[in-house]
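Notes follow the structure.
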2 protein chains.
Amino acid sequence: MTVPLYQAKAEFFRTLGHPVRIRVLELLRDGPRPVRDLLAEMDIEASSLSQQLAVLRRAGIVTATREGPTVVYALISVDVADLLKAARRILTDMIAGQEELLAELRDTESGKVT
Amino acid sequence: MTVPLYQAKAEFFRTLGHPVRIRVLELLRDGPRPVRDLLAEMDIEASSLSQQLAVLRRAGIVTATREGPTVVYALISVDVADLLKAARRILTDMIAGQEELLAELRDTESGKVT
DNA sequence: CAAGAAGTTGTAGAATTATTCAATTCACTA
DNA sequence: TAGTGAATTGAATAATTCTACAACTTCTTG
């Protein structure tokens with residue numbers, strides 16, 4: 001094998017590490033969509049979106065197929081949806097943890113020493 | 001809320017996007033471990049490892065607790081393990097796909113037109 | 001207290017990524 | 001075939017992140 005798996009994994013995660021790319025993947029979770037559609041949900045310029053789509057394409061996470069004048073994107077694997085779900089779970093846990101911490105700090109500040 | 005969720009997600013993935021950090025998380029999957037232990041499995045300098053541990057700490061993905069002269073790291077959430085598993089699934093699918101493609105190319109090259 | 005082991009931090013320079021805007025391709029239709 | 005909508009590409013600049021090394025902190029033990 002050329003690239004150790006943990007390095008491939010790191011590259012893969014790095015590919016996901018961009019707000020626009022995440023949004024694209026989340027939109028594609030509900031099925032394939034033309035670029036125009038993605039663009040409509042996103043308030044960025046077409047070329048910026050295209051740059052990010054290219055990153056996802058190069059990484060092999062999505063596929064693009066031309067249909068006449070429009071290009072339709074899709075996830076290569078539905079497993080990507082699971083991954084995003086797992087990430088959300090972790091994040092909500094983390095945020096909940098932070099809120100607890102915050103609440104604790106508030107209480108402490110107002111005199112109650114815990 | 002301050003930061004939209006998709007941005008938090010992107011940051012989270014970006015945090016995972018480094019080979020050393022991935023290895024650390026994989027090692028921590030089996031339970032908490034002292035830095036010394038991690039270091040032994042990794043063939044990098046202590047300071048480099050420390051840098052990456054700091055990234056994970058700041059992101060709140062791991063916790064560090066001092067126990068005498070050593071510092072023990074642990075995952076904040078076991079869900080992180082699920083995430084890594086999901087990632088492996090996707091990657092192995094992708095690699096399998098590439099191999100198929102490769103095989104196809106090989107066949108084509110040797111005369112068989114598909 | 002001095003010395004050593006275990007980790008962490010600061011930081012400078014190199015390397016990657018992001019962002020933006022103009023130019024380009026491709027497909028369709030008047 | 002000229003024009004238009006849809007999307008991509010190229011390339012320059014700005015911003016982040018990596019890497020490596022030296023200095024530093026903490027704890028422990030002689």
Side-chain angles (χ1 to χ4, degrees), chain A residues 3-4 6-25 27-28 31-76, chain B residues 3-4 6-25 27-28 31-76:
Chain A
V3 177
Y6 61 84
Q7 188 159 341
K9 237 182 251 185
E11 270 167 40
F12 175 69
F13 282 125
R14 200 151 7 102
T15 304
L16 301 186
H18 189 289
V20 170
R21 297 197 291 260
I22 289 289
R23 288 215 73 193
V24 167
L25 295 179
L27 291 170
L28 293 184
R33 279 175 176 254
V35 173
R36 187 172 4 84
D37 241 48
L38 301 173
L39 197 54
E41 311 246 13
M42 242 174 214
D43 192 41
I44 59 176
E45 291 203 18
S47 77
S48 299
L49 176 57
S50 224
Q51 297 276 8
Q52 302 311 325
L53 289 173
V55 174
L56 292 171
R57 243 186 298 124
R58 267 180 250 129
I61 297 173
V62 302
T63 59
T65 56
R66 174 147 231 143
E67 292 187 5
T70 90
V71 176
V72 176
Y73 278 82
L75 298 183
I76 26 108
Chain B
V3 177
Y6 61 83
Q7 187 159 342
K9 237 182 251 184
E11 270 168 40
F12 175 68
F13 282 125
R14 196 146 17 98
T15 305
L16 301 187
H18 188 290
V20 169
R21 299 198 289 262
I22 289 289
R23 289 215 72 194
V24 166
L25 295 180
L27 290 170
L28 293 183
R33 280 176 175 252
V35 174
R36 186 172 6 82
D37 243 48
L38 300 173
L39 197 53
E41 310 245 14
M42 241 173 216
D43 192 41
I44 59 175
E45 291 203 18
S47 77
S48 299
L49 176 56
S50 223
Q51 296 274 11
Q52 304 310 326
L53 289 173
V55 174
L56 292 171
R57 241 188 299 127
R58 266 181 252 128
I61 297 174
V62 303
T63 60
T65 56
R66 173 148 232 141
E67 292 187 6
T70 89
V71 176
V72 175
Y73 278 82
L75 298 182
I76 26 107

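The sequence lines fix the lettering, A, B, ..., with proteins before strands; numbering per chain opens at 1.
- Applying the side-chain hydrogen bond (donor to acceptor under 3.5 Å, both in side chains) test to residues at least two apart or on different chains, the pairs with a partner in residues 55-75 of chain B are R57(B)-Y73(B).
- Contact of the L16(B) side chain with the F12(A) side chain is not registered, since no non-hydrogen atoms from C-beta on lie closer than 4.5 Å.
- Between the NE2 atom in H18(B) and the CD atom in Q7(A) there is a gap of 9.5 Å [rounded to 0.5 Å].
- In the region residues 14-25 of chain B, proximity to DNA chain D at under 4.0 angstrom, judged on heavy atoms, holds for R14(B), H18(B), R21(B).
- Of all heavy-atom pairs spanning V72(A) and P32(A), the tightest one is CG1-CB, 3.7 Å.
- Each of L39(B) and V55(A) lies near DNA chain C, and the nucleotide nearest L39(B) is the one positioned closer to the 5' end.
- Summarising the geometry of A64(A) relative to V71(A), their closest heavy-atom pair is CB-CG1, 3.9 Å, with the distance given to 0.1 Å.
- Interface limits on DNA chain D: the 5'-most and 3'-most nucleotides within less than 4.0 Å of chain A heavy atoms are dA6(D) to dA11(D).
- Of the candidates V20(A), L56(A), T15(A), L25(A) forms a side chain to side chain contact (heavy atoms under 4.5 Å, CB included) with just one, namely L56(A).
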Distances for protein N/O vs nucleotides 21-24 of chain C N/O pairs under 3.5 angstrom?
{"residue": "dC21(C)", "atom": "N4", "partner": "S47(A)", "partner atom": "OG", "Å": "3.1"}

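- Here the straight-line distance linking atom CG of L53(B) with atom CD1 of I61(B) works out to 12.0 Å at 0.5 Å rounding.
- Taken residue by residue, residues 65-75 of chain A places heavy atoms nearer than 4.0 Å to DNA chain D at P69(A), T70(A), V71(A), Y73(A).
- Using a 4.0 Å heavy-atom criterion, one finds that L49(A) contacts no nucleic acid atom at all.
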If you look only at distance, which donor and acceptor atoms sit under 3.5 Å apart when one is on a side chain in residues 35-52 of chain A and the other is two or more places apart or in another chain?
{"residue": "D37(A)", "atom": "OD2", "partner": "R33(A)", "partner atom": "NH1", "Å": "2.9"}
{"residue": "E41(A)", "atom": "OE2", "partner": "R33(A)", "partner atom": "NH1", "Å": "3.4"}
{"residue": "Q52(A)", "atom": "OE1", "partner": "R21(A)", "partner atom": "NH1", "Å": "2.7"}

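- When rounded to the nearest whole Å, the span between CD1 of I44(A) and P of dA18(C) equals 13 Å.
- If you measure from atom CD of Q52(B) to atom P of dT8(C), you get 12 Å, rounded to the nearest angstrom.
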